[in-house]
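Each remark here refers to the structure printed beneath this line.
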Amino acid sequence: MLDIKLIRSNPEKVKEALKKRKEKINLEGILKLDQERRELLLKAGALKEKRNTVSEEIGKLKKEKKDAQEKILAMKEVSTKIKELDTLIKKVEEEINKTLLEIPNIPHESVPLGEDEKDNTEIKKWGEPREFDFTPLPHWDIGEALDILDFEKGAKVASARFTVLKGMGAKLERALINFMLDLHTNEHGYKEIFPPFLVNAETMTGTGQLPKFESDLFKCENGLYLVPTAEVPLTNLHRQEILNDDDLPLYYTAYTACFRKEAGSYGKDVRGLIRQHQFNKVELVKICRPEDSYNELEALTKNAEEVLKRLEIPYRVIVLCTGDMGFSAAKTYCRPRKNIERYHPAVTVKIFKPEEQ
RNA sequence: GGAGAGAUGACCGAGUGGCCGAAGGUGGUUGCCUGCUAAGCAAUUGAGCGGGUUAAGGCCUGCUCCGAGGGUUCGAAUCCCUCUCUCUCCGCCA
């Protein structure tokens, strides 16, 4: 969420950012509300000052056993007015806050301008895709053939977009989680965290999932939400805390299962493990000084790339354009769900060999 | 689920209607001292939101904040109601 002060003092910059992101949000409205709020604050403040001083006088008069009735009556009226103003201020503030939560982050200047996926820029490619002298099968066929993936059972015990891992498939999943956590904790200096998989609404708001993207989340009856990524509990570990400069930067890594409703994706990626309601992820989060954040992002991306290098999976890193970035991002190397893009022989050949399309 | 206790500043901890943004201590910062030495002395040290002023650092000023929200009152950390969280004991489940 952007600071209202930034918008107030630098409206052109914010307008520019919104334009880049293809967001149609009217800043004039919020600026007017902000102005209104400050005017009301001034009025209420003056009345409160009066109430405070006169109330003190009343206290003194009473102590001296003098009559204070007149002043009490006058203050009664003032109090009523204050109450009215306070109610109004609260209403205006709620309105401002609501609008602020709808405004996305300002893109970093290095982010390419663009509309959508097709305008993302590739900045790095690693590894040679393997050559096959046959047509490779997609993972869902191989997985079922090996009896390590079972999509039908997933649908049976839960629903579509759930998968049961069996035997070596389950072991492989567990091994990958351990491999990544070990790598990031032993060699990259991250602290391992095991956070709750369910979080409250404040936490979801802290990372920008709420209020705008509630329909993407699974919500429990008691009001808690299933985490869509470990980023949510990790970044919220320090929500509304003032961190000591000496303690920065903080590097956290965590495994969680991730839960996403995938609303509006009917018919997309219906096969295989690409778009699941539940999947496993090892997340990297850094909390650092603002001036260091872009360097830290570069280092973090390298840490993530290391996983793919060691697994010998060819990949490419793309920087998302302004139109394709996530709501609260200022710069991203990840598309949702794809992160650093890997080479899947049967699925992503085109990305790696565009000339053969 | 039942019974009880509690929530105050970075931390500990006083405070039951006006003189409390809040005693005292710890910690932090600054200065002094330098043969009682992992010490002593002194000063200083919360935040948010506004307003004024300044080239700026800053300075002046108002309001709000004692878990959250509401209420009583001229006036609430202090009284009343609701909620949340923490702790202890009992039960239940595993």
Side-chain angles (χ1 to χ4, degrees), chain A residues 1-11 13-14 27-101 103 157 193-207 210-211 219-227 232-233 235-250 257 287-291:
Chain A
M1 180 169 118
L2 297 182
D3 190 341
I4 181 71
K5 281 183 193 163
L6 176 74
I7 300 174
R8 188 191 301 153
S9 62
N10 231 329
K13 188 177 166 188
V14 179
L27 279 192
E28 305 308 327
I30 196 167
L31 287 170
K32 207 178 136 208
L33 283 171
D34 179 52
Q35 182 64 31
E36 192 181 339
R37 170 176 173 271
R38 282 184 292 162
E39 280 164 16
L40 288 170
L41 234 35
L42 227 49
K43 270 191 214 166
L47 285 178
K48 282 178 184 177
E49 183 184 4
K50 190 172 177 192
R51 182 181 67 183
N52 287 345
T53 48
V54 175
S55 287
E56 207 169 306
E57 288 167 25
I58 292 170
K60 276 183 197 143
L61 287 176
K62 285 214 163 180
K63 207 161 260 179
E64 295 162 18
K65 307 268 181 215
K66 289 183 185 161
D67 179 48
Q69 204 49 39
E70 201 176 309
K71 285 187 173 181
I72 288 177
L73 283 175
M75 282 311 101
K76 208 165 203 166
E77 213 168 293
V78 170
S79 267
T80 313
K81 267 186 205 155
I82 289 174
K83 215 163 274 182
E84 282 167 15
L85 283 172
D86 276 347
T87 313
L88 202 56
I89 289 168
K90 207 172 155 188
K91 229 179 91 190
V92 172
E93 283 181 344
E94 274 168 13
E95 193 65 32
I96 291 172
N97 225 359
K98 213 181 101 195
T99 316
L100 282 178
L101 285 167
I103 299 178
V157 299
I193 305 286
F194 205 115
F197 289 13
L198 270 63
V199 299
N200 57 34
E202 291 76 58
T203 294
M204 280 297 181
T205 309
T207 353
L210 290 179
K219 187 177 186 180
C220 303
E221 275 185 2
N222 62 0
L224 294 177
Y225 296 85
L226 274 66
V227 296
V232 173
T235 52
N236 276 279
L237 288 177
H238 298 292
R239 168 165 46 93
Q240 292 184 341
E241 285 180 18
I242 295 168
L243 299 172
N244 195 331
D245 190 60
D246 299 338
D247 297 334
L248 297 176
L250 297 169
I287 297 171
C288 62
R289 297 176 195 88
E291 60 268 30

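Note on naming: letters A, B, ... go to the chains in the order of the sequence lines (proteins, then strands), and numbering restarts at 1 for each one. FYI, side chains are in, hydrogens and waters are out, and symmetry mates aren't considered; it's all heavy atoms of this structure.
Spacing between atom NZ of A:K90 and atom P of B:G50 amounts to 18 Å, rounded to whole angstrom units. Rounded to whole Å, atom P of B:U73 lies 13 Å from atom CG of A:L73.
Side-chain nitrogen and oxygen atoms of A:R38 include at least one within less than 4.0 Å of the OP1 or OP2 phosphate oxygen of B:G51. The shortest distance between the side-chain N/O atoms of A:S79 and the OP1/OP2 oxygens of B:G75 is below 4.0 Å. Taking 4.0 angstrom as the limit, A:K62 places none of its side-chain polar atoms (N or O) nearer than this to OP1 or OP2 of B:U73. OP1 or OP2 of B:G50 sits under 4.0 Å from a side-chain N or O of A:R37.
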| said: Could you spell out the base pairing of RNA chain B as a dot-bracket line? Use Watson-Crick and G-U wobble contacts where both distances are under 3.5 Å, [ ] for crossing pairs, | for partners on a different strand. | reply: ((((((((.[[[..)..(.....]]]((((((.......))))))((((((((....)))))))).[[[[[..)....]]]]])))))))....
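Heavy-atom distances under 4.0 Å link RNA chain B to A:K48, A:E49, A:R51, A:N52, A:S55, A:I58, A:G59 of residues 48-61 of chain A, given in residue order.
Spacing of C1' atoms, B:C65 relative to B:G69, comes out at 14 Å, to the nearest Å.
Here A:K43 lies out of heavy-atom contact (under 4.0 Å) with every strand. A:K71 comes within 4.0 angstrom of nothing in the nucleic acid, heavy atoms only.
Taking every heavy atom of both residues into account, A:P195 and A:I193 meet most closely at CD-O, 3.5 Å.
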